[in-house]
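Nothing fancy with the numbering, it's 1 onward along the sequence. Heavy-atom basis, side chains included; hydrogens, waters and symmetry copies ignored.
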Amino acid sequence: MDRQQEFVLRTIEERDIRFVRLWFTDILGTLKSVAIAPAELEGAFAEGIGFDGSAIEGFARVFEADMLAKPDPSTFQVLPWRGEHPGTARMFCDITLPDGQAAWADPRHVLQRALDRAASVGFTFYTHPEIEFYLLKPGFRPGESPEPVDHAGYFDHVPHGTGQDFRRAAITMLEAMGISVEFSHHEGGPGQNEIDLRYADALTTADNIMTFKTVIKEVGLEQGVYATFMPKPFAEHPGSGMHTHVSLFEGDTNAFYAAGAPYQLSPVGRQFIAGLMRHGAEICAVTNQYVNSYKRLWGGGEAPAYLTWGHNNRSALVRVPMYKPSKGNSTRVEVRSLDSAANPYLAFAMILAAGLKGIEEGYELPPEAEDDVWSLTHSERRALGIKPLPSSLHEAIGVMEDSELVAETLGEHVFDYFLRNKRAEWDDYRDQVTPFELERYLPSL
C-alpha cells in the first residue's frame, strides 16, 4: 500500500468518515457515484469495486459488462455539504476491465492517454477554466420560460444579491475541498455568474470541474435556487461558456513563451494555435456536444463562431491574453469555444491533441483577425479566408465522423458511441415542432 492510500485510510479514521463515494463519469460527462463503507476501501484500492458496465450509458455491451472502479487516492476529499458527523468523502476512479486493463470507455482514461502522449515529447498540459452558469428561480416546468434570480449585468455589485451570496457559499465549499478559486463575479446575463478555477494540470482541472458542478448544484439546493450549465437558456441573453486558458510546460519552463516575439508567443505556441485552427471544426462536437450548444456559438456577442485567433479579439476562437512583462511563465492561449456542459475529460483531450498535431506537423499560423468577426459581412469573411465553425450539432457530427484525429484521440469505442448518441439527439430535435414554427407559420399558412 502506498503513502497516499495510507493517508486516506488514516484520515477516514481520524475524521469519522462513514461513507466513501467513488466518482466517475459516463461518456457524456454525467457524474456516476457508488458509496462504500470504509472497511471496504483497502480492498477497493487493491482490486477495485465491481459494477455492471452495460448499465452505464455507452460503457459496454451486455456480454462484456464486468468492470472495476479503482479509486485514485490523490483525489480524496471530504464532502463539506454532508455534515461532519458522520462524514462523507469522495474519490475519483479509474475504470478497468477484470484483467486490469484500462477501460477504453472511461473518459478519464481518454484524457490520461492524451496527457501521456504529450509527456512522451516532454510537455505537461495546464488548464485554467472560467466557468459560467445561470441561477434561476425554482419551480419552473419544462416548456415554461425560466426566470433568472436577478436582472444584474457584467461585474454588477448587487447589495444583498442572491448571486454574490451564492458565489461566496460555493467558493467557501470549493476551497474546503482544496479547489482554489481565482475570480468570481456576476456575468453579462441576468442571473448569470462566473467562477474561475486556478491553473492546474489538465487531469486535476477536469476532476475539479466535475466537483465544481456538483458543488454548484448542492449550493443551489441549499439556497433555494436552480443552477444550470445549459449553454443557452435564454435567446435574448448571453450563453454560458467555459473559456479555458491553456499552456504547455517543459519542466518549469513555459513552452509558449519567447521573449521579444509578437505577444511573447513562441513557435510552439503559434503551432499549437494553428492546430486548433486546423482541427477546430473537427473537435467541435466534443467541446460543444448538445443541440443547444450551437444556439450559444451562433448567438452573436463574444461567442466564437469562426476559426480565428487574435490578441484583444473576444470574438475569436482562440485569444492570446495580455502579456505581463515580469511573468513570462504566464504566457498562455484562451480557447473560447467550450461551453460549461462539455465533458471536461474529452474536451481537454481534444484541445491537447489538436494543439500537439499543430506542433508535430509544424502548422503555419494564419494571420490574426483584428476586427470583430461578427461585424464583417459574409463576403468580407470569405475574402479574408475566415472559415466558420459548424452551425449545428448535425453539421458538427458530420465533420467529426471524418476526423482521424478525433477517432485516434477518443479511441474507437468512445468515438463510435459518441457519434451514435449525438445522431440520436439530433434526430429527436429534428422531429420537434417548436414554438417558433407555431407562432410564425400557424396564423398565416
Side-chain angles (χ1 to χ4, degrees), residues 18-19 21 23 25 28-33 35 77-90 129-197 207-242 290 292 295-296 339-342 344:
R18 300 288 180 84
F19 301 96
R21 293 201 170 274
W23 285 1
T25 76
L28 299 182
T30 303
L31 188 66
K32 302 295 180 180
S33 175
Q77 286 291 346
V78 176
L79 297 178
W81 64 82
R82 294 299 182 193
E84 293 186 5
H85 302 290
T88 301
R90 73 94 167 97
E130 304 172 350
I131 311 173
E132 296 173 347
F133 56 94
Y134 272 92
L135 298 179
L136 309 175
K137 293 182 179 180
F140 67 89
R141 298 173 182 172
E144 296 179 348
S145 296
E147 186 178 354
V149 297
D150 61 46
H151 292 281
Y154 185 68
F155 267 41
D156 279 358
H157 177 80
V158 185
H160 302 292
T162 301
Q164 63 196 37
D165 291 343
F166 182 98
R167 294 194 301 273
R168 181 170 61 247
I171 290 168
T172 300
M173 196 173 284
L174 288 166
E175 292 187 336
M177 298 184 69
I179 298 174
S180 298
V181 171
E182 192 168 42
F183 300 111
S184 70
H185 59 86
H186 199 288
E187 252 299 334
Q192 190 181 32
N193 293 266
E194 176 178 309
I195 297 178
D196 302 355
L197 305 185
D207 288 342
N208 287 348
I209 289 169
M210 295 309 304
T211 304
F212 176 95
K213 291 182 177 182
T214 304
V215 166
I216 293 300
K217 293 286 189 180
E218 290 283 347
V219 174
L221 289 171
E222 287 182 1
Q223 298 201 357
V225 298
Y226 182 76
T228 180
F229 296 98
M230 182 177 175
K232 183 78 168 172
F234 299 102
E236 68 274 25
H237 300 305
S240 291
M242 189 169 70
Y290 294 108
N292 184 251
K295 305 293 177 70
R296 168 184 166 257
D339 58 47
S340 49

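Side-chain contact check for Lys295 versus Pro231: every heavy-atom pair is 4.5 Å or farther apart. In this structure the side chain of Tyr134 never reaches within 4.5 angstrom of the side chain of Ser340, judged on heavy atoms. Under the 4.5 Å side-chain criterion, counting only non-hydrogen atoms from C-beta, Lys213 is not in contact with Leu31. Side-chain contact check for Phe234 versus Pro146: some heavy-atom pair is nearer than 4.5 Å. Between Phe229 and Ile131, some side-chain heavy-atom pair lies under the 4.5 Å cut-off. Counting heavy atoms from C-beta outward, Phe212 and Ile179 have side chains that stay 4.5 Å or more apart. Looking at Glu222 and Met173, their side chains come closer than 4.5 Å, going by heavy atoms from C-beta outward.
Residue Glu175 comes nearest to Val181 through the heavy atom pair OE2-N, 3.8 Å, listed as atom of the first residue, atom of the second, then distance.
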Check residues 188-197 and write down every donor-acceptor pair under 3.5 Å in which the side-chain atom is one partner and the other belongs to a residue at least two apart or another chain.
residue	atom	partner	partner atom	Å
Gln192	OE1	Gly189	N	3.0
Gln192	NE2	Gly239	O	3.0
Gln192	NE2	Ser240	OG	3.3
Asn193	OD1	Arg167	NH1	2.4
Asn193	ND2	Gly191	O	3.2
Glu194	OE2	His185	NE2	3.3

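Every residue two or more places apart in sequence or in another chain was checked for a ring-ring contact (aromatic ring centres under 6.0 Å, His included) with Tyr290, and none qualifies.
Rounded to the nearest 0.5 Å, atoms CG (Leu221) and CD1 (Ile216) are 11.5 Å apart. Separating the NE2 atom in His237 from the NE2 atom in His151 is a distance of 8.0 Å, to the nearest 0.5 Å. Note that the CG atom of Asp165 and the CD atom of Gln223 stand 6.5 Å from one another [nearest 0.5 Å]. Atom CD1 of Ile171 sits about 11.0 Å away from atom CD of Gln164, to the nearest 0.5 Å. Atoms CE and CD1, on Met242 and Ile209 in that order, are 4.0 Å from each other to the nearest 0.5 Å. Considering OG1 of Thr214 and CZ of Arg21, their distance stands at 11.0 Å, rounded to 0.5 Å.
Checking Thr211 against Arg90 by side-chain atom types alone, a donor-acceptor pair falls below 3.5 Å.
Taking the six-membered ring where the residue is Trp, Phe133 and Phe166 present tilted rings, their angle falling between 30° and 60°.
Cation-pi geometry between Lys217 and Tyr226 is met: the NZ or CZ atom falls under 6.0 Å from the ring centre, inside 45° of the normal.
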